[in-house]
Structure formats: C-alpha cells, structure tokens
Amino acid sequence: MNEPNDSSTPKHFIQAIIEEDLASGKHERIVTRFPPEPNGYLHIGHAKSICLNFGMAAQYGGTCNLRFDDTNPIKEEQEYVDSIKEDIRWLGFDWEDREFYASDYFETLYEYAVRLIEKGKAYVDDLSADEIREHRGTLTEPGRESPYRDRPVEESLDLFRRMRAGEFADGSRVLRAKIDMASGNLNLRDPVLYRILRAHHHRTGDDWCIYPMYDMAHGQSDSIERITHSLCTLEFEDHRPLYDWLVEEIGIYPPRQIEFARLNLSHTIMSKRKLLELVNDGLVDGWDDPRMPTLSGMRRRGFTARSIRRFCDGISVAKANSTVDIQLLEHYVREDLNKIAPRVMGVLRPLRVVIENYPEGQVEELDAINNPENPDAGSRKVPFSRVLYVDRNDFHEDPPKKYFRLAPGREVRLRYGYFITCVDFVKNDAGEVVELRCTYDPETRGGSAPDGRRVRGTIHWVSAEHALAAEVRLYDHLFSVADPGVVEGGADFKSHLNPDSRTVLAGCRVEPSLAEARAGDCVQFERVGYFCVDSKDSTPQDPVFNRVVSLRDTWAKIQKKQAG
RNA sequence: UGGGGCGUCGCCAAGUGGUUAAGGCACCGGACUUUGGAUCCGGCAUUCGGAGGUUCGAAUCCUCCCGCCCCAGCCA
C-alpha cells in the first residue's frame with residue numbers, strides 16, 4: 001500500500017538511485033526488505049523504514065520481503081516477532097509469502113564461512129574477548145595481528161567444524177575474517193564472524209551453538225534473497241566496505257547497501273533501550289502505553305495507519321541527521337481524522353446548566369451533522385432537555401477580552417440547539433461555580449435566529465439525563481523538552497519526562513450516541529479534539545476515551561498573547 | 001592526531017553552473033464560519049556553515065577552514 005504519488009513530495013536520493021538502476025537495465029525489478037531484529041517493539045522510527053522499503057517496492061513494481069534478523073538468541077523472542085508482524089500489517093503493508101528469517105539460512109551461512117576459511121580469508125582465533133579488544137588498537141593506532149591469524153587453513157577448518165559440534169566452551173574461540181588490522185575502518189580489523197553461544201533460539205532451538213554475527217548474516221541474507229537495494233541507517237555506513245568484501249569473497253550475488261538517516265522526533269525518544277527502561281521502571285504502562293512512540297502505543301492512542309504513512313512520506317528520506325518536530329506528526333493525524341472522524345459532543349469538565357424557561361420533562365431530538373467534511377456521513381439525533389452540562393471553561397464569571405462564550409448576561413449558541421443566555425449562577429461554599437441558570441429563546445431551535453441576530457460563541461453540551469458517563473485520558477508529549485537525549489551533568493533522560501503527559505478525567509459526560517462506540521473507534525469531540533475508544537480499558541458500561549490530539553486552539557493562542 | 005558521513009528559513013526538505021532559492025510544518029496577518037475546528041487568501045531565506053578562488057554567471061566547481069554525527073560488542 002502506498003499513497004497516490006503526491007507531486008508535492010519530491011523525489012529523494014534513493015528513488016533517484018533506483019530509477020537510474022532501472023533505466024540503465026542494471027535491474028528489471030527491484031527487491032527490498034525490512035529486516036527487524038525481534039528484540040523489541042516497533043516504533044515510529046521503524047515505520048519510516050517500513051514505508052520506505054515497502055513503498056519503493058510498490059512504487060517501482062518490485063517486492064519487499066519481511067526478514068527477521070534473528071542471529072542473537074539471547075535477546076530475541078517469539079513475542080516480538082508476533083508484535084512486529086501485527087504492527088506491519090496494521091500499518092498497511094503485506095509481505096505475502098515472503099516471510100523470512102536469517103536463521104533459515106544458518107546452514108548456508110555456515111557453508112559460506114567454510115568457503116572463506118578455505119580461501120584463506122577467515123581463521124579461527126583462540127584469543128579471548130579481552131585479548132581481541134586489546135589487539136584491535138584504537139581509533140588512531142593500528143591493531144596487532146592475532147598469533148592465530150596465520151594458522152593453517154586445515155587447522156581452522158577443523159576447529160570451526162568442532163566449534164559447531166560443540167567441543168568448545170562459549171567464548172573460547174571465534175571465527176574471524178582476515179582483512180587488515182591496520183585499517184582506519186575498525187570494521188575491517190579482522191571482524192568476528194561467528195561466536196560460540198549456547199542459548200536456546202526461538203526458531204532453531206538447540207540446533208546450533210555457534211551463531212553468525214550481523215556482518216556475516218545480513219549481507220549474505222540479502223544476497224540469498226536477491227535484494228537489489230539494501231536500505232539501512234547511517235550507522236552502517238562504516239560496515240559497507242565489509243558488506244561488499246564478504247559478498248565478493250564468498251562469491252555471491254551483490255546487493256547494494258544504501259544508508260539513510262534514521263528518524264528522530266522531538267519530545268520523545270526512539271532508543272529501544274530507553275523505551276524498555278521506561279517500561280521496566282513503570283514510568284509508562286507498557287509498550288502500548290498511548291504516550292509511547294511505539295506503533296502499538298500510537299495505535300492505541302488513536303493514530304491512524306494512514307496518517308503515519310503520510311507522515312513518513314512527508315518527512316522524506318535523506319542523509320542528514322535530523323529531528324522532526326512532533327507537531328508535523330500531529331498535523332498529519334489531524335488532517336486524516338478531520339476527514340473521517342464523526343463529530344460528537346463530549347463534556348470533559350461538566351458544569352450543570354438549568355434552562356429555566358424550558359418545560360420540565362420535555363425532551364427534543366435535535367439534528368446534528370456527523371461530519372461537515374463529509375456529507376455522506378449523514379446526521380444523527382441528539383436529545384435536548386431542561387438540564388444540561390457544558391464545559392467549565394466555556395463559562396467565565398468575569399470574562400476576559402475577546403472571550404465569546406458564556407458569562408453573566410451573555411448569549412451563546414448551543415451547537416445544533418438553542419441560543420441561551422446566562423441569567424445567574426450558583427456557587428458552593430468553596431466559592432466554585434456549580435450551576436448556571438439560563439434562559440433559552442424558543443425561536444432559535446437548531447441554532448439560528450429568525451431575526452438574524454448573531455452570536456459570537458457556539459459551545460457544545462450534553463443533556464444531563466441522557467448523557468453517558470465516561471473517563472477521558474488527555475495525553476501530552478512524553479517529554480517536556482524537544483531533545484530529551486541532551487542532559488546536563490549527572491541527570492539522565494528520565495528527568496525530562498513530562499509530569500503532565502497524562503491527565504485522567506473521570507466523570508466526563510458524552511452524548512448517548514457514543515453507546516455504540518467500539519474499541520478503536522475515533523471521534524471528534526467538537527471544539528475539543530480527536531478521541532479514540534481505548535482498546536484495553538474501555539467497556540460499554542464504563543467507556544474510556546484517549547485523546548489522540550487536540551484541535552488547533554486559536555483561543556489558547558489569544559490567551560497566551562494576552563498573558564504576555 | 002585514524003576512518004566514514006553530514007551542514008540550504010525556527011523544524012523537515014527540494015535544488016546537481018543561468019529558476020524570482022520548490023514544498024510541507026510552525027509562525028504572523030486577513031476572509032469565511034452553527035466547531036475560536038476545517039477551508040481560503042496573503043506574508044515569511046537578496047541568501048545556501050565560513051573565507052578565498054574559477055566563471056560572463058556558483059547553493060551547485062576548486063582550495064582551505066569551522067561545526068555536528070557515527071565507529072574501538074564474541075549487539076544489530
């Protein structure tokens with residue numbers, strides 16, 4: 001799936017490369033792959049890669065494989081592969097029958113390693129991990145060759161076979177490529193290709209006690225799958241010479257690795273390690289907490305797959321490290337939800353309103369448009385009666401300048417209802433306004449005055465006796481600073497956690513039509529924001545709504561300006 | 001002091017020797033409005049990290065300088 005080619009999105013450098021390769025005849029069809037390691041949940045940063053890889057395949061009539069990079073059994077689990085598949089499907093992409101695992105290639109990879117040893121391009125090293133590190137040298141000093149580097153091919157072959165057979169202890173030996181211990185690129189200083197590791201693998205079980213390293217597995221898996229363009233992030237740029245070297249020395253099909261900048265988003269973090277820390281420390285309610293930048297969290301929050309896809313298109317792909325303003329993401333959800341979310345009325349902080357001249361016991365069913373952006377969405381009936389709730393912040397005892405809503409003596413329009421005028425208000429002992437006394441103009445049913453009289457303010461409301469009680473969870477940025485990664489002194493990123501990232505409102509009142517709402521449904525509470533029925537905690541009896549994003553709020557801006 | 005990358009508006013990002021230096025977000029005006037939403041109009045880089053140079057002409061080519069990111073896992 002990908003969006004109709006938006007002319008406002010210019011071609012990026014990867015598209016340029018692919019088009020050249022197609023035009024020159026280097027490739028007839030392109031093949032890409034999305035290669036997650038099943039050691040955590042997918043986040044919005046992965047979405048960029050997913051959209052890129054599947055997007056290129058779709059745009060140029062090729063295919064994109066899903067391949068799990070599962071070469072480290074210590075960190076990988078089936079739970080993660082399941083969640084990854086679910087997230088990719090939800091995002092709207094289909095790998096059909098092309099679901100692969102690096103572990104499927106273990107036997108072939110082993111043969112490739114043997115081939116390298118036979119060519120004298122790899123050797124078994126008996127050095128310990130510490131010794132290997134000591135021999136590696138530093139950024140500015142060359143490394144030293146291992147004393148085992150030039151041992152006979154036959155000896156390495158024998159040792160490697162016995163490594164596989166389980167004759168040696170974990171960590172006692174490794175297979176290394178024989179390249180150049182003096183290279184300025186540390187990846188070329190005889191990189192480790194295989195290590196001994198007795199760990200249960202989620203797919204191969206206990207079949208293997210040696211596992212290939214990333215460099216020995218990734219490019220070779222790409223080659224086996226005939227990947228034409230292997231797209232990865234910038235930190236692998238230094239690995240490209242090794243990627244090319246291995247494919248060349250083994251003598252197999254050479255895919256082309258192309259690196260692009262990973263996504264960074266302001267006010268959040270993308271590091272799996274840090275995300276896991278938030279989960280483990282109980283600072284969020286799990287991987288799918290609606291504040292998390294994980295796809296499962298965003299899905300639960302109410303982000304649409306389409307808005308994420310559009311976002312990924314919008315930010316484009318380049319090689320410069322960058323941090324995208326989270327407001328751009330919010331823009332794309334608003335854009336999408338504006339078109340598809342049914343409008344309803346919900347009162348978050350209820351303030352009781354009695355319409356004094358409205359007949360006791362009378363109920364009217366008023367027509368309300370479901371979505372002004374989409375006539376096909378039709379309309380619904382909303383009950384109106386003598387006692388209503390409006391939002392507390394739609395009343396001001398002493399209204400500030402430019403405030404168009406309710407205040408003593410002020411007339412406003414109730415959305416799809418009547419014009420009402422506040423004639424009095426009631427306070428409790430604590431001095432809080434607890435009730436408004438209003439009158440209505442029977443001539444203004446539906447919201448317009450026959451005499452042409454205009455009101456500046458329109459507010460939302462619900463009928464007290466008909467409204468449903470609900471819990472509403474307001475979410476804000478997870479971190480209060482744009483770049484939580486930057487911390488002073490001994491502080492750590494968690495010190496930037498936004499204490500107001502979640503505000504739970506109980507006792508909210510929403511219109512009765514919401515009785516039909518089901519988990520995952522998104523609506524717009526008019527004048528407030530977009531909300532999604534929580535998929536975990538919501539029940540028909542006790543509905544729970546998550547705020548996806550607020551509506552743009554001009555009044556808030558005016559207030560800010562007035563304040564200072 | 002090694003190697004690999006990157007620097008164009010507050011944030012993304014086009015641009016590949018001749019364009020008035022795209023577009024989006026944000027921001028600022030205004031119109032419209034039964035959501036202070038949406039929509040619509042208008043504004044928003046004499047300048048491309050800096051300095052030299054080549055050229056009739058440079059963000060694009062050359063030289064030097066500056067800044068930022070990545071690499072010393074038997075992680076990926």
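The figures here come from the full heavy-atom set of this structure, side chains too, leaving out hydrogens, waters and symmetry mates. Keep in mind that this is a model prediction, so the values were computed, not measured.
Of the residues near RNA chain B, A:Thr323 and A:Gly417, the one whose nearest nucleotide (by heavy atom distance) lies more toward the 5' end is A:Thr323. RNA chain B is contacted by both A:Ala556 and A:Ser183; A:Ser183 maps to the nucleotide lying nearer its 5′ end (nearest heavy atom per residue).
For the P atoms, the distance from B:C44 to B:A22 is 11 Å, rounded to whole Å. B:A13 and B:G36 have their P atoms separated by 36 Å, given to the nearest Å. Separating the C1' atom of B:G10 from that of B:G5 is a span of 25 Å, rounded to the nearest Å. Here, B:A26 and B:G49 have their P atoms 26 Å apart, quoted to the whole Å. Taking atom P in both B:G67 and B:C28, one finds a spacing of 36 Å when rounded to whole Å. Between the C1' atoms of B:U19 and B:G57, the separation comes to 13 Å (whole Å). Between B:G15 and B:G23, the two P atoms lie 14 Å apart (nearest whole Å). A distance of about 25 Å separates the P atoms of B:G7 and B:G53, rounded to the whole Å.
Side-chain contact of A:Glu37 with A:Asn39: a donor-acceptor pair under 3.5 Å is present, judged by distance alone.
In this structure, B:U46 makes no Watson-Crick or G-U wobble pair, since no nucleotide meets both defining distances under 3.5 angstrom. Base pairing of B:C40 is made with B:G30, judged by Watson-Crick or G-U wobble geometry with both donor-acceptor distances under 3.5 Å. B:G7 is paired with B:C66 under the Watson-Crick or G-U wobble criterion, all donor-acceptor distances under 3.5 Å.
Under a 4.0 Å N-O distance rule, the pair A:Asp190/A:Arg149 qualifies as a salt bridge. A salt bridge links A:Arg527 with A:Asp394: the distance from a Lys NZ or Arg NE/NH1/NH2 to an Asp or Glu carboxylate oxygen falls below 4.0 Å. For the pair A:Glu335 and A:Arg310, the salt-bridge criterion is met [side-chain N within less than 4.0 Å of a carboxylate O]. Salt-bridge formation is detected for the pair A:Lys381/A:Asp367: a Lys NZ or Arg NE/NH1/NH2 atom is positioned less than 4.0 Å from an Asp or Glu carboxylate oxygen. Of the charged side-chain nitrogens involved, at least one lies within less than 4.0 Å of a carboxylate oxygen, so that A:Arg67 and A:Asp222 count as a salt-bridged pair. Ion pair A:Glu19/A:Lys11 flagged as a salt bridge, since at least one NZ, NE, NH1 or NH2 atom sits closer than 4.0 Å to an Asp/Glu carboxylate oxygen.
Atom P of nucleotide B:C12 and atom CG of A:Leu52 are separated by 18 Å, given to the nearest angstrom. In this entry the distance linking CZ of A:Arg454 with P of B:G36 reads 14 Å, nearest Å. Rounded to whole angstrom, the span from the CZ atom of A:Arg262 across to the C1' atom of B:G5 amounts to 15 Å. Atoms CG (A:Asn371) and P (B:G37) sit 16 Å apart, rounded to a whole Å. To the nearest angstrom, P of B:G36 lies 17 Å from CZ of A:Phe525. Spacing between atom CG of A:Asp313 and atom P of B:C25 amounts to 15 Å, rounded to whole angstrom units. One atom, CZ of A:Phe404, and another, P of B:G37, lie 10 Å apart when rounded to the nearest Å. One atom, CG of A:Asn393, and another, P of B:G36, lie 12 Å apart when rounded to the nearest Å.
Note: A:Phe13 and A:Phe260 fail the aromatic proximity criterion, with ring centroids not under 6.0 Å apart. Between A:Tyr243 and A:His239, the ring center distance fails the sub-6.0 Å criterion.
Across all strands, A:Asn321 comes closer than 4.0 Å only to sugar-phosphate atoms, never to a base (heavy-atom distances). A:Glu259 comes within 4.0 angstrom of nothing in the nucleic acid, heavy atoms only. Nucleic acid contact for A:Arg343: base, since at least one base atom lies under 4.0 Å from a heavy atom of the residue. Across all strands, A:Val412 comes closer than 4.0 Å to no nucleic acid atom at all (heavy-atom distances). Across all strands, A:Phe68 comes closer than 4.0 Å to no nucleic acid atom at all (heavy-atom distances). Contact annotation for A:Ser448: base contact, defined as any heavy-atom pair under 4.0 Å involving a base atom.
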When you compare the protein's N or O atoms with those of nucleotides 72-76 of chain B, which come within less than 3.5 Å of each other, and at what distance?
from  : atom 1 : to       : atom 2 : distance (Å)
B:A72 : O2'    : A:Arg136 : NE     : 3.2
B:G73 : OP2    : A:Arg136 : NH2    : 3.3
B:C74 : OP1    : A:Arg136 : NH2    : 3.3
B:C74 : OP2    : A:Arg136 : NH1    : 3.2
B:C74 : N3     : A:Gly171 : O      : 3.2
B:C74 : N4     : A:Leu127 : O      : 3.1
B:C74 : N4     : A:Ala129 : N      : 2.9
B:C74 : N4     : A:Gly171 : O      : 2.9
B:C75 : OP2    : A:Arg195 : NE     : 3.1
B:C75 : OP2    : A:Arg195 : NH2    : 2.9
B:C75 : O3'    : A:Arg195 : NH2    : 3.3
B:C75 : O2'    : A:Asn72  : ND2    : 3.0
B:C75 : O2'    : A:Lys75  : NZ     : 3.2
B:A76 : OP1    : A:Thr71  : OG1    : 2.7
B:A76 : OP1    : A:Arg195 : NH1    : 3.3
B:A76 : OP1    : A:Arg195 : NH2    : 3.0
B:A76 : OP2    : A:Tyr214 : N      : 2.9
B:A76 : O3'    : A:Asp69  : OD2    : 3.4
B:A76 : N6     : A:His239 : NE2    : 3.2

Where do N or O atoms of nucleotides 27-29 of chain B meet protein N or O atoms at under 3.5 Å, pair by pair?
from  : atom 1 : to       : atom 2 : distance (Å)
B:C27 : OP1    : A:Lys557 : NZ     : 3.2
B:C27 : OP2    : A:Lys557 : NZ     : 3.4
B:G29 : OP1    : A:Lys561 : NZ     : 3.1

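For A:His331, the listed nucleotide lying nearest its side chain is B:G24; candidates were B:G4, B:G7, B:G24. In the set B:U35, B:A38, B:C12, the nucleotide with an atom closest to the side chain of A:Arg415 is B:U35. Of the candidates B:A14, B:G24, B:G7, B:A14 carries the atom nearest the A:His12 side chain, counting heavy atoms from C-beta on. For A:Asp553, taking side-chain heavy atoms from C-beta onward, the closest of the listed nucleotides B:G36, B:G2, B:C12 is B:G36. With B:G4, B:G36, B:G37 as the candidates, the nucleotide lying closest to the side chain of A:Glu237 is B:G4. Of the candidate nucleotides B:G24, B:G37, B:A13, B:A13 has the atom lying nearest to any side-chain atom of A:Ser316.
Closest approach of A:Pro212 and A:Leu109 over heavy atoms only: CG-CD2, 4.1 Å. In terms of heavy-atom proximity, A:Ser322 sits nearest to A:Asn264 at O-ND2, 3.1 Å.
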Working for side chain to side chain donor-acceptor pair (under 3.5 Å), residues A:Tyr403 and A:Gln562
CA-CA 11 Å; A:Tyr403 184 80; A:Gln562 287 177 345; over 6 Å; no
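Here A:His460 does not reach the OP1 or OP2 of B:U35: none of its side-chain N or O atoms lies under 4.0 Å away. A sub-4.0 Å separation between OP1 or OP2 of B:G3 and a side-chain N or O of A:Thr140 is absent. Phosphate proximity of B:G36 to A:Arg527: present, with a side-chain N or O under 4.0 Å from OP1 or OP2.
With a 6.0 Å cutoff to the six-membered ring centre and a 45° limit on the axis angle, A:Arg413 does not count as a cation-pi contact of A:Phe419.
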